[in-house]
Number of protein chains: 4
Amino acid sequence: MSKKAIVLQTTLELITTQGINATSLSQIIKESGVANGTVYHHFKNKEEIITELYLMLTQDFGTVVMRNTDQGDYKKQFSTMWMNLFHYFVNNPLAFVFSEQIARSPEIPQSLKDRARKYFSEIELYFRNGIRDKVFKSYNTMVMEELFFGNVVSIVKIHENEKVTLQEKHLQQAIEISWRGFVKE
Amino acid sequence: MSKKAIVLQTTLELITTQGINATSLSQIIKESGVANGTVYHHFKNKEEIITELYLMLTQDFGTVVMRNTDQGDYKKQFSTMWMNLFHYFVNNPLAFVFSEQIARSPEIPQSLKDRARKYFSEIELYFRNGIRDKVFKSYNTMVMEELFFGNVVSIVKIHENEKVTLQEKHLQQAIEISWRGFVKE
Amino acid sequence: MSKKAIVLQTTLELITTQGINATSLSQIIKESGVANGTVYHHFKNKEEIITELYLMLTQDFGTVVMRNTDQGDYKKQFSTMWMNLFHYFVNNPLAFVFSEQIARSPEIPQSLKDRARKYFSEIELYFRNGIRDKVFKSYNTMVMEELFFGNVVSIVKIHENEKVTLQEKHLQQAIEISWRGFVKE
Amino acid sequence: MSKKAIVLQTTLELITTQGINATSLSQIIKESGVANGTVYHHFKNKEEIITELYLMLTQDFGTVVMRNTDQGDYKKQFSTMWMNLFHYFVNNPLAFVFSEQIARSPEIPQSLKDRARKYFSEIELYFRNGIRDKVFKSYNTMVMEELFFGNVVSIVKIHENEKVTLQEKHLQQAIEISWRGFVKE
DNA sequence: AATGAATGAGGCTTCATTCAT
DNA sequence: GATGAATGAAGCCTCATTCAT
């Protein structure tokens with residue numbers, strides 16, 4: 001694992017725990033066991049660490065969601081996408097917290113969020129095609145993505161916080177509800 | 001205007017513009033034209049400025065909402081409360097931003113939010129009585145307050161952002177929709 | 001002696017010994033026995049210390065040179081000015097080094113030098129009047145000032161470096177030579 | 001052009017623009033597009049870059065000045081030397097600035113200046129012979145060199161700054177004046 | 001009530017240099 | 001010959017806070 005990767009990972013851990021502002025560079029340096037200058041060899045400044053982390057994770061999301069979605073009808077694909085994201089979040093708690101708390105906070109400037117849109121192009125295409133093929137209502141695609149993410153997030157939260165264990169059928173129900181929100185008819 | 005009031009006002013302006021974290025004491029001091037020590041004469045530390053500001057504004061909300069609500073039936077009172085809050089927000093943009101962005105953020109600790117509950121006692125009483133008198137559904141009163149605030153906030157946002165000017169009848173509609181959400185049957 | 005004065009004095013000592021660039025803030029802090037923040041309470045940044053020092057000393061020069069010059073003819077005044085500066089430099093070795101090494105270096109930006117011109121207004125007036133009254137050749141006054149300063153500086157250097165002690169008559173000779181450079185005929 | 005030469009050239013450009021102190025190694029590295037380690041492969045440390053640059057340029061001066069001076073009498077040789085240096089400076093503005101601003105500054109230690117004396121041995125010999133042959137007054141040869149350089153520098157400055165274009169006859173005049181300063185009688 | 005001098009910990013960043021490849 | 005990762009000391013500056021007046 002390269003020093004750069006270590007810094008990114010450490011930063012992810014720290015800011016998901018304490019927030020961006022509460023996380024100082026010296027803390028990142030101390031925690032990652034890397035030298036002062038090493039951080040600045042890889043990143044222009046503190047902000048660039050956050051930026052890179054954000055883009056990295058956002059790209060992850062985009063890629064993960066569309067894995068194995070090249071077959072089946074819209075419904076089947078939707079289900080796959082949903083489960084992809086769900087499992088990703090369940091298996092990567094830090095990415096989940098980051099997506100929930102950091103990615104939406106005002107610390108991430110809008111310009112950066114815009115730059116990251118490209119990683120959602122495939123997802124966007126899926127929804128746009130669905131609208132074109134009269135499968136989905138003609139919502140704004142960005143809104144659809146947000147709703148889709150939001151649904152998964154809600155279930156992940158239940159999965160994490162509730163004492164009751166989620167069963168497979170609960171997930172199927174959640175997917176069903178989510179799907180119904182988009183389809184025509 | 002006392003020095004203390006100046007500090008509070010300046011702080012309000014700064015944190016609604018930049019957020020709590022981005023606002024330093026030195027900035028408050030510089031902006032308010034008050035001496036260093038004067039701030040510490042009136043406030044124990046930086047946190048106490050925020051605390052006092054929060055309590056002040058929260059008390060404002062509570063008082064404002066219940067103004068002139070001692071007459072009429074529940075519906076009439078509801079309408080008055082709604083309009084009270086609406087006009088307060090429209091006339092105090094900083095209070096609006098504060099209520100929206102700061103008051104809900106994690107920078108305000110839960111303990112402080114709890115302390116501020118007392119200022120909502122009258123509002124809470126209104127809803128509790130309504131439930132007792134079978135006018136309202138028996139929701140949790142905190143939830144009811146949140147919904148009530150949320151409704152007003154939504155309309156204020158429309159008022160602020162939309163190019164279309166809100167007409168009196170639109171407000172009446174909004175109040176009607178809000179009211180329907182609470183009442184039995 | 002105020003902390004601010006201590007910082008200025010220490011800075012003067014350090015930069016005349018080592019140059020501006022070789023003098024770090026931490027050194028100034030350590031040497032002056034003042035706290036980090038104290039420096040920044042009095043000065044906006046490192047540059048402002050230099051600026052203030054430069055203006056302070058430059059004002060000194062201007063004032064010192066013109067002391068007791070309100071009587072006598074041009075020649076008598078010239079002699080007084082010359083001796084004033086000579087004694088000032090002899091009694092304030094740091095000011096002398098500063099004037100020689102620092103004040104002319106490119107570390108002092110032209111803009112600052114321009115700002116300091118005002119402190120030489122009396123000296124300039126002396127020369128301008130002399131020209132008007134046909135006592136002096138009509139040189140550029142800035143050039144005249146430079147020459148005047150340069151002459152004194154040369155003698156101070158001899159005074160400092162030579163093994164031979166300067167006698168009163170040597171000074172009178174120097175003044176005489178200096179004076180001849182300016183006068184008509 | 002070798003990497004080493006690129007580093008030297010870049011350094012020359014940077015320090016003539018900003019001064020030695022203001023020029024950091026990182027800047028040289030960034031600007032020259034050469035790797036970090038490559039610089040240290042060719043130079044022991046930052047100082048050595050300056051040293052090498054200084055010696056290189058100084059050697060240039062020495063060589064250039066004496067080009068085509070093996071024929072003619074002292075006067076003819078003097079004229080050739082003068083024009084050699086003049087054209088070199090005119091065609092190598094960076095070398096000119098370096099010679100003027102850097103080479104004389106205290107950043108170049110005396111020890112280095114002494115080491116570079118050897119490159120002036122031919123020039124020195126010219127003047128020493130001239131003294132021996134009773135052509136020149138018996139000044140100190142180093143002083144003579146300084147004066148010679150200074151004269152050329154002055155004219156180059158006029159050439160660069162003045163709006164009036166220098167004509168051949170002006171150069172001849174300058175050489176004449178310069179020459180007269182040295183010769184006996 | 002009000003002031004502003006004084007503090008020192010801690011923040012981010014730049015720097016010259018070393019080392020393994 | 002060339003590269004770039006890695007280092008840590010040192011630089012400048014901001015911050016919240018305390019204290020004497």
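Bear in mind that the values here come from a model prediction, so they are computed numbers and not experimental data. Here is the naming used below: chain letters follow the sequence lines, and residue numbers restart at 1 for every chain.
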Exercise. Is it the case that more than 12 heavy atoms not belonging to D/Lys30 sit under 6.0 Å from its NZ atom?
Worked result: no

Seminar exercise, completed: On a heavy-atom basis, the closest approach of D/Ala22 and D/Gln18 is CB-O, 3.3 Å

Exercise. Once you round it to whole Å, what is the distance between P of E/dT3 and NZ of B/Lys4?
Worked result: 15 Å

Problem set entry | Atom-pair distance (CD on A/Gln27; P on E/dG11), nearest Å | 8 Å

For this session: Round to a whole Å and report the spacing from CD of C/Glu48 to C1' of F/dC12.
Result: 14 Å

For this session: Using a cut-off of strictly less than 4.0 Å between a heavy atom of the residue and any atom of DNA chain E, enumerate the qualifying residues of residues 31-43 of chain C by number.
Result: C/Ala35, C/Asn36, C/Gly37, C/Thr38, C/His41, C/His42

Exercise. If every non-hydrogen atom of D/Phe98 is compared with every non-hydrogen atom of D/Thr16, which pair is closest and at what distance?
Worked result: N-CG2, 3.8 Å

Exercise. Is the D/Phe120 ring parallel, tilted or perpendicular to the D/Phe149 ring (thresholds 30°, 60°)?
Worked result: perpendicular

Problem set entry | OP1 or OP2 of F/dA10 under 4.0 Å from side-chain N/O of C/Ser24 | no

Exercise. Side chain of A/Ser26: nearest nucleotide among F/dC12, E/dC12, E/dA2?
Worked result: E/dC12

Problem set entry | Nearest-nucleotide 5' precedence on DNA chain F, D/Ser2 against B/Ala22 | D/Ser2

Problem set entry | Watson-Crick and G-U pairing of DNA chain E, under 3.5 Å, as dot-bracket with | and [ ] | .||||||||||||||||||||

Exercise. Side-chain N or O of D/Lys46 less than 4.0 angstrom from OP1 or OP2 on E/dA16?
Worked result: yes

Exercise. What closest approach, in Å, do D/Leu25 and D/Tyr40 show between heavy atoms, and which atom pair accounts for it?
Worked result: CD1-OH, 3.0 Å

Exercise. Hey, what's the ring geometry for A/Phe61 with A/Phe89, parallel, tilted or perpendicular (30° and 60° as the breaks)?
Worked result: perpendicular

Problem set entry | Residue of the set C/His42, C/His41, C/Glu52 for which side chain to side chain donor-acceptor pair (under 3.5 Å) holds with C/Lys4 | C/Glu52

Exercise. Counting side-chain heavy atoms from C-beta on, which of E/dT13, E/dA16, F/dC12 comes nearest to A/Asn45?
Worked result: E/dT13

For this session: Report yes if at least one side-chain N or O of C/Lys3 is closer than 4.0 Å to OP1 or OP2 of E/dT7; otherwise report no.
Result: yes

